[in-house]
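Just so it is clear: chains get the letters A, B, ... in the order the sequence lines come, proteins before strands, and each one is counted from 1. In this text, all values refer to a predicted model and were calculated from it rather than measured experimentally.
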Protein chains: 2
Amino acid sequence: MKPLILVVEDEAAILTLLRYNLERENFRVIEARDGEEALLLAGERKPDLVLLDWMLPLLSGIEVCRRLRRAPQTRGLPIIMLTARGEEGDRIRGLNAGADDYVTKPFSPSELLARVRAVMRRSRPAADAETLRCGDIIMDIAAHKTRRGERDVHLGPTEFRLLRHFLEHQGRVFSREQLLDAVWGADVYVEPRTVDVHIRRLRKALNEPHEDDPIRTVRSAGYALDAMASQYA
Amino acid sequence: MKPLILVVEDEAAILTLLRYNLERENFRVIEARDGEEALLLAGERKPDLVLLDWMLPLLSGIEVCRRLRRAPQTRGLPIIMLTARGEEGDRIRGLNAGADDYVTKPFSPSELLARVRAVMRRSRPAADAETLRCGDIIMDIAAHKTRRGERDVHLGPTEFRLLRHFLEHQGRVFSREQLLDAVWGADVYVEPRTVDVHIRRLRKALNEPHEDDPIRTVRSAGYALDAMASQYA
DNA sequence: TGACGATGTAATAAAATTGTCACGGATTTG
DNA sequence: CAAATCCGTGACAATTTTATTACATCGTCA
């Protein structure tokens, strides 16, 4: 699907110019003439990027920027500010308000498009990050981060691989030997009971005092990560 | 300091013409006769701009362009392609390979100079700059400046590229080997542990005594720049 | 040329992680 | 019920990995 760009600009001429260039480059464009409309559309249409004029009726661009950043729906939405003057002060304020980049008018179409592409490229990785989850446990493979509910969970390398293996095979029971093969590697030899210790460490890191334990012990068989019922908050 | 321009061109007559015009306009000029030499000089002399002929011995202009873009040292170096005909196909390919602008031969000296100035202006500190940010860390690529909060942060060239790479891939963990490839270049060999030292230098430059460290060490995996809970003023 | 900044390496200190054990409670078996 | 297993747990020492420091080199710039 073509990326959707929200252009917030009150001057018709510039609006036309932007629409022309963006659509030629295979973007879809929606327009807002003032700050209020911008906030509304940003929430409703969920654009992939916002081109935001500095000077606007009703709400200044910088204020729109701030509000977009504050709202959970639109936080993280890439924003490029358009401003008439290249004043350093404005620039700093724009960036502080949360803009991702900044282009001064007059601008060349190619320059603007380059910025648009750059910003979109930058904000892409977050989208396709590989994550595993089970109930309120979330693991981000690329970032190497693990969370349970609202808090970050720190895991050692082995615990990380162990949990990852469970997450990739939820509900299934693994014997100690199977886990050693899968997590430690088929060629290393360690005591099977070592698995117990790491299961323990994983549990300790994962479970706060009151929370329930997602790891099920199957006596004389091994361990499993239960796909919990309390999915998706 | 006068801007340094690398002219890559195998026809002596055009070379002379270019040098004459450029030097008259207060640019310094270095010459390369073929693609190999171009890459070498671009890396060694660090020119501010490259004028790159399309047809070259050894390596085509487009290939040179691509390689310049791929190498960490020369990525971001402004490139203007010179092409014999104004064929649309060539132009598209040139721009796709990463050229900033292109000029068709024959060209008038004044036209060429106008393009040169335009491209340089765009990549100069005075002009707009692409910025990368993470929390209160702001990097201005074109100006080659880094700030944290209110203060300027001085980084060596390697630390700059290192931080840039992290900023362009926030949250993701990179092994020492990956960082060497991305920041040092895939062809140079340095000890992986060297990365540690540069991480240290980067941290020292970035973190005042009380501030928290945005760079996360992931044991047995590498390092990551954490996309922190955004703090927009 | 000499001061200077930047860089890569090696050596050493400091942390974090890991595999094992031993003990004791819990569960199953006979 | 007693024996036999099995699992949870805390403590440790060894090992691995990272942080930090010091140093030699190299190119730049006055």
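An OP1 or OP2 oxygen of D:dT20 is reached within less than 4.0 angstrom by no side-chain nitrogen or oxygen of B:Arg203. A:Ser220 has no side-chain polar atom (N or O) that falls below the 4.0 Å cut-off from OP1 or OP2 of C:dT28. The phosphate of D:dT17 has neither OP1 nor OP2 within less than 4.0 Å of any side-chain N or O from B:Tyr223.
Using a 4.0 Å heavy-atom distance criterion, A:Val218 is classed as a sugar-phosphate-only contact. Using a 4.0 Å heavy-atom distance criterion, A:Phe160 is classed as making no nucleic acid contact.
When rounded to the nearest whole Å, the span between CG of B:Asp213 and C1' of D:dT18 equals 13 Å. Atom CD1 in A:Ile215 sits roughly 13 Å away from atom C1' in D:dG8 (whole-Å rounding). Computed from coordinates, the B:Arg216 CZ to D:dT18 P distance equals 13 Å when rounded to whole Å.
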For this session: Evaluate salt bridge (Lys or Arg N to Asp or Glu O under 4.0 Å) for B:Glu208 paired with B:Arg151, printing each intermediate quantity in order.
Result: CA-CA 10 Å; B:Glu208 280 303 298; B:Arg151 76 175 181 288; 3.4 Å; yes

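Sorted pairs that involve residues 18-42 of chain B and meet ring-ring contact (aromatic ring centres under 6.0 Å, His included), not counting sequence neighbours, are lacking altogether. Judged as a salt bridge (Lys or Arg N to Asp or Glu O under 4.0 Å), the pairs with a partner in residues 180-194 of chain A (not counting sequence neighbours) are, in order, A:Arg193-A:Asp196.
The pair A:Arg164-A:Asp140 does not meet the salt-bridge criterion, since no charged nitrogen lies less than 4.0 angstrom from a carboxylate oxygen.
One N or O donor and one acceptor, one from the side chain of B:Arg219 and one from the base of D:dT17, sit under 3.5 Å apart.
Along DNA chain D, the nucleotide closest to B:Ala221 and the one closest to B:Lys204 are compared, and the more 5′ of them pairs with B:Ala221.
No side-chain donor-acceptor contact under 3.5 Å links A:Arg147 and A:Thr131.
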For this session: If a protein heavy atom is under 4.0 Å from the base, mark B; if only from the sugar-phosphate, S; if neither, -; do that for nucleotides 3-10 of chain C going 5' to 3'.
Result: ---SBBBB

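Between B:His198 and B:Trp184, the ring center distance clears the sub-6.0 Å criterion.
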